[in-house]
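One structure is given below, encoded as structure tokens.
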Amino acid sequence: MKKSVCIVVCLTMLLLMTACGQADIPSANTVKFYYIHNELQYGTESGVITPAVINGQYDEDDYQLLLEKYLNGPTDYESISPFPAGITLKDFQIVGEKALLVLSPHMGTLSGSSMTVALACLTRTVIEMTGVEAVQISIENQQINGVDFITLTLNNFSFWDDV
């Protein structure tokens, strides 16, 4: 009797463990949007910026639509949008290995560390989504830190505080 109970428990545990491994496999229709982590965790890889995995039916080459959805903000309580309310994507193009974005003037209301975090989130989202090497960001009828546009790569940011 004890032997049969032990076998049933072991089989149940084995079945449960194999089911858990399947949840981590992303489907073909997922994309990561990067936002500010709702609860900052210093000293970790996802300390300030965290991915929100979006599932759904979309054309993976329709980056304009995906970025508009991204700028609308997260749909969970684990993350916060770094972007000001009302921001829109005015133009999006991929030229070679660079994505060119023009954002609405709302983005110009950010400055300092708020602007840096927003640019880091946007850059990481666009690079991972499109596979480009760099992102050129401009604000409609405004400058960013005294220049017409800023070109960023993942190397421009430290996404993990290893101190």
Side-chain angles (χ1 to χ4, degrees), residues 24-163:
D24 293 338
I25 300 172
S27 71
N29 290 330
T30 62
V31 64
K32 289 182 182 177
F33 290 164
Y34 287 89
Y35 296 110
I36 298 173
H37 201 286
N38 193 16
E39 295 179 19
L40 298 182
Q41 300 171 353
Y42 297 102
T44 64
E45 190 169 347
S46 63
V48 176
I49 296 173
T50 188
V53 178
I54 307 301
N55 295 306
Q57 296 295 325
Y58 59 86
D59 181 3
E60 68 180 26
D61 293 329
D62 195 359
Y63 300 124
Q64 177 108 16
L65 178 68
L66 287 170
L67 288 171
E68 288 170 1
K69 183 175 182 176
Y70 168 62
L71 292 173
N72 285 333
T75 57
D76 61 21
Y77 294 107
E78 294 180 21
S79 47
I80 303 167
S81 177
F83 305 105
I87 189 170
T88 58
L89 181 66
K90 294 296 186 177
D91 190 34
F92 177 81
Q93 299 175 34
I94 294 180
V95 178
E97 290 297 316
K98 187 187 297 185
L100 311 174
L101 285 83
V102 179
L103 301 172
S104 66
H106 299 83
M107 186 70 172
T109 62
L110 298 178
S111 63
S113 62
S114 297
M115 176 67 88
T116 301
V117 171
L119 292 174
C121 289
L122 181 60
T123 300
R124 191 162 182 185
T125 297
V126 171
I127 287 176
E128 287 189 19
M129 182 188 307
T130 64
V132 297
E133 293 178 9
V135 179
Q136 179 180 304
I137 302 167
S138 60
I139 301 172
E140 186 178 49
N141 301 322
Q142 292 185 26
Q143 292 186 327
I144 301 175
N145 297 331
V147 294
D148 291 334
F149 60 86
I150 187 167
T151 303
L152 301 167
T153 67
L154 294 180
N155 294 330
N156 292 112
F157 303 100
S158 176
F159 291 101
W160 187 40
D161 179 14
D162 58 358
V163 176

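These values consider heavy atoms only, across backbone and side chains, with no hydrogens, waters or symmetry-generated copies. Note that the structure is a prediction, hence the values are computed from the model and not measured.
Sorted by first and then second residue, the pairs that involve residues 127-146 and meet salt bridge (charged side-chain N to carboxylate O under 4.0 Å, His left out), not counting sequence neighbours, are R124-E128.
Here the CG atom belonging to L66 is positioned 11.0 Å from the CG atom belonging to L89, to the nearest 0.5 angstrom. The distance from atom OG of S81 to atom CD1 of I36, rounded to the nearest 0.5 Å, is 7.5 Å. Here T50 contributes atom OG1 and N38 contributes atom CG; the two are 10.0 Å apart, rounded to the nearest 0.5 Å. The CG atom of D148 sits 14.5 Å away from the CD1 atom of I137 when rounded to the nearest 0.5 Å. Taken from NZ in K32 to OG1 in T125, the straight-line distance is 10.5 Å, to the nearest 0.5 Å. Atoms CG and CZ, from L65 and F92 in turn, are 12.0 Å apart once rounded to the nearest 0.5 Å.
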Counting only pairs under 3.5 Å, give me each side-chain donor-acceptor contact of residues 99-120, with atom names and distances, residues two or more places apart or in other chains.
residue : atom : partner : partner atom : Å
S104    : OG   : T88     : N            : 3.0
S104    : OG   : H106    : ND1          : 2.9
H106    : ND1  : G86     : O            : 3.4
T109    : OG1  : H106    : O            : 2.7
T116    : OG1  : G112    : O            : 3.2

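No side-chain heavy atom of K69 sits less than 4.5 Å from a side-chain heavy atom of L67. Inter-residue side-chain proximity for H37 and V48 is flagged as unmet; no heavy-atom pair is nearer than 4.5 Å. Taking the side chain as every heavy atom from C-beta outward, T151 and K98 approach each other to under 4.5 Å. Counting heavy atoms from C-beta outward, T130 and V135 have side chains that stay 4.5 Å or more apart.
Crowding of N145 atom CG: a count of heavy atoms from other residues, nucleotides or ligands under 6.0 Å not exceeding 12.
The heavy-atom pair separating T153 from I127 by the smallest distance is CA-CD1, 4.1 Å.
Contacts of Y70 classified as ring-ring contact (aromatic ring centres under 6.0 Å, His included), with partners at least two apart in sequence or in another chain: F33, Y35, F83.
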